[in-house]
Asker: 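After the structure tokens below, expect a handful of questions from me.
Bear in mind the structure is a predicted one, so any value in this text is a computation, not a measurement.
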Amino acid sequence: MADELFESDVFTLTDEEGNEDDYELIGTVEVDDVTYYALIPCTDDDKEATEYIVLRGEKDEDGEDVLVSIDDDEEFDRIADIFDDEFADIDYDEGADEDTEE
């Protein structure tokens, strides 16, 4: 999964009321032949967003790829735990000290 973290893909998601918002993909994971996506909102207000949403990839009736909410609490918790573990293993400071020499 680490190779797929922090890709620059942006998804426009539409909620139940028809409102559209942009979300940046921060990671994907495949579990039991299902791909799950972790996304953060693309807002100017909160560049330091720490919360992300998790969606499941599915095919719609036309065979198009779509992202859907995970309604099953057990499935959501299991996938969120996987993302939490992966994100916890990232060293955000890696390379930051390489530019400075004493």
Side-chain angles (χ1 to χ4, degrees):
M1 179 174 147
D3 293 338
E4 299 176 40
L5 292 176
F6 300 107
E7 295 179 4
S8 60
D9 293 334
V10 174
F11 293 84
T12 300
L13 303 179
T14 306
D15 65 15
E16 296 83 20
E17 287 104 34
N19 300 316
E20 293 184 348
D21 289 302
D22 290 333
Y23 289 81
E24 182 177 358
L25 177 68
I26 59 170
T28 61
V29 65
E30 188 169 322
V31 178
D32 300 328
D33 295 324
V34 177
T35 303
Y36 295 90
Y37 299 80
L39 303 115
I40 57 172
C42 294
T43 62
D44 294 331
D45 301 342
D46 190 13
K47 290 290 185 187
E48 300 293 323
T50 56
E51 292 187 23
Y52 58 91
I53 63 169
V54 177
L55 299 173
R56 181 177 57 233
E58 293 184 357
K59 299 276 186 195
D60 67 8
E61 59 275 355
D62 297 324
E64 297 290 325
D65 292 325
V66 295
L67 299 179
V68 297
S69 299
I70 303 171
D71 295 328
D72 180 89
D73 289 340
E74 185 177 313
E75 176 186 9
F76 179 84
D77 290 342
R78 180 170 51 103
I79 301 305
D81 286 344
I82 292 170
F83 278 118
D84 286 345
D85 289 344
E86 291 295 328
F87 295 150
D89 290 341
I90 297 172
D91 182 4
Y92 294 99
D93 293 326
E94 184 178 302
D97 294 332
E98 293 176 3
D99 294 332
T100 57
E101 294 187 26
E102 293 180 37

Asker: Test of understanding: clusters of I, L, V, M, F, W, Y form through side-chain heavy atoms closer than 4.5 Å, transitively. Do Leu13 and Val66 belong to the same one?
Answerer: no
Asker: For Leu25 versus Ala38, what's the shortest heavy-atom pair and its separation?
Answerer: CD1-O, 3.6 Å
Asker: State the OG1-CZ distance between Thr28 and Phe83, to the nearest 0.5 angstrom.
Answerer: 6.5 Å
Asker: Quick one: side chain to side chain contact (heavy atoms under 4.5 Å, CB included) partners of Thr12, sequence neighbours excluded?
Answerer: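 Thr12 satisfies side chain to side chain contact (heavy atoms under 4.5 Å, CB included) with Glu20, Asp22 once adjacent residues are dropped.
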Asker: Does a side-chain heavy-atom distance below 4.5 Å link Tyr37 with Val54?
Answerer: no
Asker: Starting at CZ of Phe76, measure out to CG of Asp81 and round the result to the nearest 0.5 Å.
Answerer: 9.5 Å
Asker: Testing the basics here: between Leu55 and Leu39, what is the closest heavy-atom pair and its distance to 0.1 Å?
Answerer: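 Nearest pair, atom of Leu55 first, then Leu39: CD1-CD1, 3.9 Å.
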Asker: Roughly how far, to the nearest 0.5 Å, is the CD atom of Glu24 from the CZ atom of Phe11?
Answerer: 10.5 Å
Asker: Centre-to-centre under 6.0 Å for Phe87 and Tyr52, is that the case here?
Answerer: yes
Asker: Please list, chain by chain and in numerical order, all residues satisfying side chain to side chain contact (heavy atoms under 4.5 Å, CB included) with Val31, sequence neighbours excluded.
Answerer: Val29, Tyr36, Arg78, Ile79, Ile82
Asker: Only counting residues at least two apart or in another chain, list the ones meeting side chain to side chain contact (heavy atoms under 4.5 Å, CB included) with Glu16.
Answerer: none
Asker: Listing request: all side-chain hydrogen bond (donor to acceptor under 3.5 Å, both in side chains) pairs with a residue in residues 60-73, at least two apart in sequence or in separate chains.
Answerer: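 Sorted pair list: Lys59-Asp65.
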Asker: List in chain and number order the residues that pass side chain to side chain contact (heavy atoms under 4.5 Å, CB included) with Asp33, two or more places apart in sequence or in another chain; answer none if no residue qualifies.
Answerer: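 Testing Asp33 for side chain to side chain contact (heavy atoms under 4.5 Å, CB included), a comparison that skips the adjacent residues, returns Glu30.
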Asker: Rounded at 0.5 Å granularity, tell me how far CD in Glu58 sits from OG1 in Thr35.
Answerer: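 If we round to the nearest 0.5 Å, Glu58:CD and Thr35:OG1 are 11.0 Å apart.
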Asker: If you round to the nearest 0.5 Å, how far is CD of Glu86 from CD1 of Ile26?
Answerer: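 If we round to the nearest 0.5 Å, Ile26:CD1 and Glu86:CD are 12.0 Å apart.
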Asker: List in chain and number order the residues that pass side-chain hydrogen bond (donor to acceptor under 3.5 Å, both in side chains) with Asp21, two or more places apart in sequence or in another chain; answer none if no residue qualifies.
Answerer: none
